[in-house]
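Report on one structure; see the data block that follows.
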There are 2 protein chains.
Amino acid sequence: MRRVTIRDVADRAGVSLKSVSRVVNHEANVSAKLRARVEAAITSLGYVPDTAARSLAGARFGARSFAIACLFDNPSPNYTIKVQQGVYAACREHGYHLLIESIDCQAEDVEAQMNAILQNARIDGMILTPPTTEHEMVMNMLEARGIPIVRIAPVSFAGRTPAVIIDDAAAAGEVARHFRALGHSHFGIINGPIEHGAAGTRRTGFIEALGRADCAEATGGFLFAGGIEAAYKLLRRDARPTAIFATNDDMAAGVYAAANKLGLKVPQDVSVIGFDDSWTATCVWPGLTTIYQPITEMAHEAARLLIMRESPREDVVMAYHLVERASTAPPALAARGPVGVRTL
Amino acid sequence: MRRVTIRDVADRAGVSLKSVSRVVNHEANVSAKLRARVEAAITSLGYVPDTAARSLAGARFGARSFAIACLFDNPSPNYTIKVQQGVYAACREHGYHLLIESIDCQAEDVEAQMNAILQNARIDGMILTPPTTEHEMVMNMLEARGIPIVRIAPVSFAGRTPAVIIDDAAAAGEVARHFRALGHSHFGIINGPIEHGAAGTRRTGFIEALGRADCAEATGGFLFAGGIEAAYKLLRRDARPTAIFATNDDMAAGVYAAANKLGLKVPQDVSVIGFDDSWTATCVWPGLTTIYQPITEMAHEAARLLIMRESPREDVVMAYHLVERASTAPPALAARGPVGVRTL
DNA sequence: CTTGAAATTGATAGCGCTGTCATGTTAGCG
DNA sequence: CGCTAACATGACAGCGCTATCAATTTCAAG
């Protein structure tokens with residue numbers, strides 16, 4: 001079973017190779033008659049252009065390879081999968097393929113890692129996900145090779161590449177207002193790692209919206225285990241917070257675990273709000289109130305921009321919203337106090 | 001900045017194109033002297049072979065494209081990510097790229113979906129993950145196009161393709177023995193979907209190892225939500241099981257949620273064992289006793305087989321083990337009975 | 001009808017690489 | 001020292017496609 005080539009189509013349609021090529025590539029100046037004839041031949045033969053030949057032939061002129069790559073350095077399966085789903089959907093819609101690459105941004109040899117990835121990668125563009133979005137050398141290298149970039153939720157280097165974002169600060173502010181509306185006045189926040197751009201934005205947004213209210217801070221690295229540790233610190237303070245904003249859902253799950261160990265109940269003793277509305281949020285008990293972030297849609301849009309070769313000068317801003325589940329309630333009337341010491 | 005081609009290397013080394021090609025491809029019959037010269041030229045020029053040209057040139061002979069694809073139809077992020085990590089690591093080790101594809105096995109148009117994927121995919125092989133492993137048409141189409149396959153944890157069509165597996169039945173048996181060793185005598189199992197091969201294997205292994213003991217069954221579709229439903233059914237029976245085997249961790253998390261709602265405590269009122277040792281297992285409270293499955297290693301091995309073009313006739317069997325955490329304990333001495341009706 | 005410009009189509013030359021096959025080169029052996 | 005076999009190297013065609021540029025057709029205006 002030989003491969004159907006452009007020549008077969010040309011023969012069948014009784015036209016030249018170049019005419020078929022024109023039809024396939026939707027070039028201008030092709031008569032309707034010829035187009036129809038070629039398209040019929042293509043269909044009847046089941047012709048599909050060969051990607052390798054296409055990129056080879058166009059090598060000089062920067063031909064498309066019909067594949068884009070997505071770069072990760074993210075420990076969170078939930079986030080990663082959502083991004084992949086969105087990017088993959090866009091790829092399928094446009095006949096593209098999706099390559100997955102990942103690096104360790106913390107390592108010394110980021111340059112070598114990127115070289116290994118880019119060596120013979122024929123890709124039409126690369127989507128950067130946090131925290132690779134904040135790494136300048138990655139962008140430098142991509143730009144040097146003329147590979148278009150779209151960043152998802154970047155914080156630094158604003159405007160340097162097209163980007164798809166949500167307003168993290170505003171979302172965090174909404175968390176703060178939700179807590180206050182419930183009557184809370186003692187707050188805690190569990191921050192992500194500083195190098196992760198959005199971590200800082202969420203923190204600022206939350207604290208500013210809190211105004212002068214008391215807010216204890218701890219850091220959890222965006223990881224479940226880190227969330228437990230951080231929650232311990234917060235929940236054992238003398239002035240125990242009754243409302244904790246975990247800046248992602250995984251860490252919020254950590255708050256549950258810590259609360260459990262300390263004999264505290266969610267939401268009676270402590271209200272928790274997460275961020276992401278990931279799979280975790282519905283898989284914990286009680287269901288986690290959290291900020292829904294349209295990760296899949298953001299990723300889809302990022303891929304679409306790359307594939308359509310659009311590069312909007314303004315960031316594409318997408319909508320978030322607060323999802324209320326069962327992890328938030330008014331503060332208990334009972335006297336609060338440090339736990340694990342004299343209570344319960 | 002022009003691309004460094006094989007011609008540049010040949011000129012620099014003062015040899016023919018073909019000689020460079022020989023060195024690059026590690027072909028036999030190349031003198032050490034020539035090889036050294038060529039390698040020096042390659043290094044100094046920073047030459048990297050062009051993938052597109054390579055596959056084009058070898059098109060007739062089934063040249064390599066230096067990329068493999070991994071096919072998913074799996075709702076579980078935890079599983080998917082682990083597989084990807086393993087496959088990706090193997091790819092990086094060998095200078096390969098990883099393509100991600102996914103289909104909906106339940107849909108009518110699997111053939112069309114696969115066609116869309118395979119259209120112009122230049123891949124050296126495809127890794128099938130459950131449940132795509134059980135879909136005969138997928139294998140047919142791949143084989144028709146001469147694309148090598150390796151399956152991860154297949155159940156049907158044994159021996160048809162190289163495969164990397166664990167002994168699911170034996171693992172499930174170990175779960176049963178663990179429960180019995182703790183003194184349990186009333187069991188429950190939450191099964192995965194039948195089309196998911198391993199679901200059946202785990203069930204059989206568990207029930208057989210239980211011998212004549214009482215075992216209630218329910219189905220949870222390998223999903224958290226399904227696990228809750230199934231656990232409800234099991235825990236509200238008159239003869240409430242004190243030990244439940246959830247055939248994956250997500251459903252085990254569902255058991256926790258159901259138990260919580262019914263006012264039952266894990267492990268005091270009900271012991272739970274999961275399967276996978278996924279991220280979930282350490283993220284629930286109390287920590288979930290589960291079967292560790294070396295998913296990442298299995299995926300790594302599958303990718304290695306594909307890349308090295310090995311096709312062992314025997315399945316590659318990898319080791320599992322039971323990880324004991326805090327979700328298992330001897331059955332409570334207190335009288336059992338249906339819950340939500342007259343107890344607690 | 002011409003005529004020239006615009007629109008349409010085709011012939012050809014590579015893109016960078018690898019397989020075939022032909023041409024050296026060396027070693028082995030009588 | 002000659003002759004063959006085995007090894008080492010090179011010349012060249014062509015993989016499937018696209019860009020260039022030349023050839024042809026079309027069509028409105030004169």
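Just so it is clear: chains get the letters A, B, ... in the order the sequence lines come, proteins before strands, and each one is counted from 1.
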Drop me the distance from B:Ile103's CD1 to B:Ile117's CD1, to the nearest 0.5 angstrom. 6.0 Å
Nearest-0.5 Å distance that lies between atom CD in B:Glu310 and atom CG in B:Leu305: 5.5 Å
Please work out if A:Val15 contacts a base, only the sugar-phosphate, or nothing of the nucleic acid, heavy-atom cut-off 4.0 Å. sugar-phosphate
If you look at every strand shown and take non-hydrogen atoms under 4.0 Å, does B:Val24 touch a base, only sugar-phosphate, or nothing? nothing
Indicate whether OP1 or OP2 belonging to [N] is found under 4.0 Å from a side-chain N or O atom of [X].
X: B:Ser16; N: D:dG10; value: yes
X: A:Ser31; N: C:dT9; value: yes
X: B:Ser21; N: C:dC17; value: no

Rounding to a whole Å, what distance do you find between [X]:[atom1] and [N]:[atom2]?
X: A:Glu27; N: C:dT8; atom1: CD; atom2: C1'; result: 12 Å
X: A:Leu34; N: C:dG10; atom1: CG; atom2: P; result: 6 Å
X: A:Leu56; N: C:dG14; atom1: CG; atom2: C1'; result: 10 Å
X: B:Asn25; N: C:dT20; atom1: CG; atom2: P; result: 13 Å
X: B:Asp50; N: C:dG14; atom1: CG; atom2: C1'; result: 14 Å
X: A:Asn29; N: C:dT9; atom1: CG; atom2: C1'; result: 11 Å
X: B:Lys33; N: D:dA8; atom1: NZ; atom2: C1'; result: 11 Å
X: A:Ile6; N: D:dG14; atom1: CD1; atom2: P; result: 19 Å

Options C:dC17, C:dA11, C:dG14, nucleotide nearest the side-chain atoms of A:Ala57: C:dG14
Measuring from the side chain of B:Ser19 (C-beta onward, heavy atoms only), which nucleotide among D:dG10, C:dC17, D:dG16 has the closest atom? D:dG10
Regarding A:His97 and B:Glu101, is there a side-chain donor-to-acceptor distance under 3.5 Å anywhere? yes
Go through the N and O atoms of the side chain of A:Lys18 and the base of C:dA11, and report whether any donor-acceptor pair is under 3.5 Å. no
Any N or O donor-acceptor pair under 3.5 Å from the base of C:dG19 to the side chain of B:Arg22? no
Which residue, A:Val30 or A:Leu17, contacts DNA chain C at a nucleotide closer to its 5' end, judged by nearest heavy atom? A:Val30
Would you check if A:Cys70 and A:Val83 make a side-chain contact, meaning some heavy-atom pair closer than 4.5 Å? yes
Would a 4.5 Å heavy-atom cut-off, applied to side chains only, mark B:Gln85 and B:Ile295 as touching? no
